[in-house]
There are 2 protein chains.
Amino acid sequence: MTDVKGPEELGSTVAYRLGALGSVAESRFAARVEPLGIKPKHAGLLAALAAGGAPSQQDLAARLGVAPSLVVSLADHLEACGAVERTRDSRDRRRQVLTLTREGRGLLARCAAAARELDDELTASMTGPQVAALREALELVGRGL
Amino acid sequence: MTDVKGPEELGSTVAYRLGALGSVAESRFAARVEPLGIKPKHAGLLAALAAGGAPSQQDLAARLGVAPSLVVSLADHLEACGAVERTRDSRDRRRQVLTLTREGRGLLARCAAAARELDDELTASMTGPQVAALREALELVGRGL
DNA sequence: TCCATATCATTCACAACTCGAATGATTACG
DNA sequence: CGTAATCATTCGAGTTGTGAATGATATGGA
């Protein structure tokens, strides 16, 4: 009853607002990494590689929430850029192990820098503690999958 | 300085995480409103109509961050559903005024209910204050556009 | 050992989304 | 009064992502 059941009900929802803001965040991020020759999903793949052990492409697909076939084309492009290398797993030769090259790490670092710049833009009207709260909140949501 | 400048730099970014979480939030929301015969953008249009005066479709396009031509097809579908009505603006007969019908308001209410259910799911592992902080943070980011 | 089944990466065709340019009607301005 | 601007709409095209085949390899049971 403290709720305002007014017309903006949907807009005050986490689910909807997250989706709406997410799409503008993604397109702005895309604009920033476009000069680097990649798209947000490529950056995501790079980050996943930097984060984890040596997972299969199927694992990567699951982490990124995309189809395995998409990981193939993402990896194709990154390999063409010289950012990753494909090597057959000697223990299971069906698997293709993706490893970051030195250039790949550099590319990822530039993506992260671009993202940080964008963060400054997105949070320009917020105070330090507010930004920190946002980071923590997003972290928590992500943890719950 | 509390930042870990490690390999997960990108993932700790607001821009990237917002984009990633946004896409899963949107797809889950899409799954929930799909039985209602609409997609997230339709819901967004309904909410925009409920929120504002009687804006032109161009205004709506700008608010939603999409091309005007997309608003046409969104409105087409909603009109077919009986959720909105098109009437020519008597003062400027180029403009088409979209108005919510009673059914449209009901549909929007169901979308909001679906979004609230999804909120419960997304924030299941969070405490009340944490959820409130998230809502406020998203609100602030959205305000800064 | 050998065969059936399952898993992996990959390719390919297709559906869905969204945009931008043309179109026609109407309005605003000089 | 005519020229340019604005609105909604249509249409064609580009991009993105998916799911179903394919071929290679692995696994487990008879």
Side-chain angles (χ1 to χ4, degrees), chain A residues 19-20 22-31 33-34 37-45 48-49 52-80 84-99, chain B residues 19-20 22-31 33-34 37-45 48-49 52-80 84-99:
Chain A
S23 85
V24 342
E26 178 157 6
S27 68
R28 292 204 193 177
F29 182 58
V33 295
E34 186 257 335
I38 64 172
K39 314 234 163 190
K41 305 245 154 157
H42 296 117
L45 180 52
L49 286 176
S56 71
Q57 293 183 199
Q58 308 251 351
D59 295 334
L60 291 168
R63 280 195 210 180
L64 299 178
V66 300
S69 58
L70 183 58
V71 176
V72 174
S73 58
L74 293 175
D76 280 350
H77 185 240
L78 290 176
E79 191 178 26
V84 303
E85 278 177 355
R86 265 187 244 248
T87 41
R88 291 246 162 237
D89 185 338
S90 53
R91 283 184 275 193
D92 183 344
R93 309 232 310 256
R94 289 170 303 182
R95 294 193 176 181
Q96 202 87 265
V97 177
L98 296 177
T99 54
Chain B
S23 85
V24 342
E26 179 156 6
S27 68
R28 291 204 193 178
F29 182 58
V33 295
E34 186 257 337
I38 63 172
K39 313 236 163 189
K41 304 245 155 158
H42 297 117
L45 180 52
L49 286 176
S56 70
Q57 294 182 199
Q58 308 250 351
D59 295 335
L60 291 168
R63 279 196 210 180
L64 298 178
V66 299
S69 58
L70 183 58
V71 176
V72 174
S73 59
L74 292 175
D76 281 349
H77 185 240
L78 289 175
E79 191 178 25
V84 302
E85 277 178 355
R86 262 188 246 247
T87 42
R88 290 246 161 237
D89 185 337
S90 54
R91 283 183 277 192
D92 184 344
R93 309 231 314 254
R94 289 170 303 182
R95 295 192 176 181
Q96 201 88 264
V97 177
L98 296 178
T99 54

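Side chains included, hydrogens not; waters and symmetry mates left out as well; all remaining heavy atoms used. Throughout, protein chains are lettered first and strands after them, A, B, ... in sequence-line order, and every chain is numbered starting at 1.
Between A:Leu45 atom CG and D:dT16 atom P there is a gap of 15 Å when expressed in whole angstrom units. Spacing between atom CD1 of B:Ile38 and atom P of C:dC17 amounts to 13 Å, rounded to whole angstrom units. Separating the CG atom of A:Leu64 from the P atom of D:dT16 is a distance of 16 Å, rounded to the nearest angstrom. To the nearest angstrom, P of D:dT16 lies 16 Å from CD of B:Glu26. In this structure, B:Arg91 places its CZ atom 17 Å from C1' of D:dT6, rounding to the nearest Å. Between the P atom of C:dT18 and the CG atom of B:Leu70 lies a distance of 6 Å, rounded to the nearest Å. Atom NZ of B:Lys41 and atom C1' of C:dC19 are 11 Å apart (whole Å). Put simply, CG on B:Leu74 is 12 Å from P on D:dT9, counting in whole angstrom units.
Nearest heavy atoms, B:Val72 versus B:Gln57: CG2-NE2, 3.8 Å. For the pair B:Arg63 and B:Gly52, the tightest heavy-atom approach, listed with the atom from each and the gap, is NH1-CA, 3.8 Å.
The OG1 atom of B:Thr87 sits 7.0 Å away from atom CD of B:Gln96, with the distance rounded to the nearest 0.5 Å.
There is a side-chain donor-acceptor pair under 3.5 Å between A:Asp59 and A:Ser56.
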field: Verdict with reasoning, B:Leu60 to B:Leu49, per side chain to side chain contact (heavy atoms under 4.5 Å, CB included)
entry: CA-CA 8 Å; B:Leu60 291 168; B:Leu49 286 176; 3.9 Å; yes
Heteroatom pairs (N/O) under 3.5 angstrom, protein to nucleotides 5-10 of chain C:
unit_1: C:dT7; atom_1: O4'; unit_2: A:Arg94; atom_2: NH1; d: 3.4
unit_1: C:dT7; atom_1: O2; unit_2: A:Arg94; atom_2: NH1; d: 2.6
unit_1: C:dA9; atom_1: OP1; unit_2: A:Gln57; atom_2: N; d: 2.9
unit_1: C:dA9; atom_1: OP2; unit_2: A:Gln58; atom_2: N; d: 3.1
unit_1: C:dA9; atom_1: O3'; unit_2: A:Gln96; atom_2: NE2; d: 3.3
unit_1: C:dT10; atom_1: OP1; unit_2: A:Arg86; atom_2: NH1; d: 2.8
unit_1: C:dT10; atom_1: OP1; unit_2: A:Gln96; atom_2: NE2; d: 2.9
unit_1: C:dT10; atom_1: OP2; unit_2: A:Gln57; atom_2: OE1; d: 3.1
unit_1: C:dT10; atom_1: OP2; unit_2: A:Gln57; atom_2: NE2; d: 2.9
unit_1: C:dT10; atom_1: OP2; unit_2: A:Arg86; atom_2: NH1; d: 2.6

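A donor-acceptor pair under 3.5 Å is absent between the side-chain atoms of A:Arg95 and the main chain of A:Arg88, judged by distance alone.
For A:Lys39 and D:dT15, the shortest distance from a side-chain N or O to OP1 or OP2 is not below 4.0 Å.
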